[in-house]
Amino acid sequence: MSKIKLRVRIEKDGPEMTIAGRYAWCFKRLKECGERGCTPIERPAPRWSHYVWVLRGLGLEIETITEPHDGPYAGTHARYVLRSDVEIVEDCEVPA
């Protein structure tokens, strides 16, 4: 079994940092979705809000947009949009 490990750079000349595991998974989903953003409904994972909280703590700007949804459990859900300009410097898998 392996886990995702990323080395990223915030802004063009900003510092590099390493993101690993589920936080890296979450970051990659946000990066892939771009301006459209993504939701836990579209990309299921157990702790989206925590992953986003940790990534924000690393200095990434991630917007939360509250959206309504219908169905038997109508209510609202979050759409997360990565707003920071971040470059993936290295993307690899490492043994878990």
Side-chain angles (χ1 to χ4, degrees):
M1 176 164 263
S2 61
K3 71 177 182 177
I4 301 169
K5 184 176 178 183
L6 302 173
R7 197 163 39 106
V8 302
R9 179 181 300 116
I10 300 175
E11 305 302 329
K12 191 165 185 87
D13 299 320
E16 288 187 9
M17 70 177 77
T18 300
I19 305 172
R22 289 190 177 264
Y23 308 112
W25 175 89
C26 178
F27 171 80
K28 286 179 77 170
R29 302 298 79 77
L30 291 168
K31 183 90 168 138
E32 288 170 0
C33 291
E35 286 294 316
R36 180 172 45 94
C38 52
T39 73
I41 292 171
E42 298 166 348
R43 309 275 184 159
R47 300 187 66 201
W48 260 100
S49 59
H50 179 71
Y51 306 151
V52 169
W53 180 79
V54 168
L55 293 172
R56 286 176 176 151
L58 295 174
L60 298 174
E61 183 181 345
I62 301 169
E63 179 182 7
T64 301
I65 301 167
T66 302
E67 298 179 337
H69 60 262
D70 295 328
Y73 302 101
T76 61
H77 61 268
R79 177 172 299 276
Y80 298 107
V81 182
L82 178 64
R83 296 297 185 196
S84 294
D85 181 21
V86 184
E87 172 190 1
I88 297 176
V89 177
E90 182 180 22
D91 182 348
C92 63
E93 291 188 18
V94 296

Without swapping roles, check the side chain of K31 against the backbone of V86 for a donor-acceptor pair under 3.5 Å.
-> yes

What distance do T66 atom OG1 and R79 atom CZ have between them, rounded to the nearest 0.5 Å?
-> 11.5 Å

Can I get a per-line list of side-chain donor-acceptor pairs under 3.5 Å for residues 48-55, giving both atom names and the distance, sequence neighbours left out?
{"from": "W48", "atom 1": "NE1", "to": "R43", "atom 2": "O", "distance (Å)": "2.7"}
{"from": "H50", "atom 1": "NE2", "to": "Y23", "atom 2": "OH", "distance (Å)": "3.4"}

Out of curiosity, D85 CG to K12 NZ, how far, rounded to the nearest 0.5 Å?
-> 8.5 Å

To the nearest 0.5 Å, tell me how far L6 CG sits from M17 CE.
-> 11.5 Å

Check the pair Y80, T64 against side chain to side chain contact (heavy atoms under 4.5 Å, CB included), reporting the backbone distance first and the verdict last.
-> CA-CA 5 Å; Y80 298 107; T64 301; 3.4 Å; yes

Minimal heavy-atom distance between S84 and G59, with the atoms involved, is OG-O, 4.2 Å

Shortest non-hydrogen separation from G34 to V81 and the atoms involved | O-CG1, 3.8 Å

Return all side-chain donor-acceptor pairs below 3.5 angstrom for residues 87-94, not counting sequence neighbours, or 'none' if the list is empty.
{"from": "E87", "atom 1": "OE1", "to": "R9", "atom 2": "NH1", "distance (Å)": "2.9"}
{"from": "E90", "atom 1": "OE1", "to": "R7", "atom 2": "NE", "distance (Å)": "3.3"}
{"from": "D91", "atom 1": "OD2", "to": "K28", "atom 2": "NZ", "distance (Å)": "2.8"}
{"from": "E93", "atom 1": "OE1", "to": "S2", "atom 2": "OG", "distance (Å)": "2.7"}

If you round to the nearest 0.5 Å, how far is SG of C26 from CD1 of I62?
-> 6.0 Å

Shared ILVMFWY cluster between L58 and I4, side chains joined below 4.5 angstrom?
-> yes

Pairs flagged by salt bridge (charged side-chain N to carboxylate O under 4.0 Å, His left out) wherever residues 52-63 is involved - sequence neighbours left out | E63-R83

What is the distance from atom NE2 of H69 to atom OG1 of T76, rounded to the nearest 0.5 Å?
-> 6.5 Å

Heavy-atom check, side chain of P46 versus side chain of R22, under 4.5 Å = yes

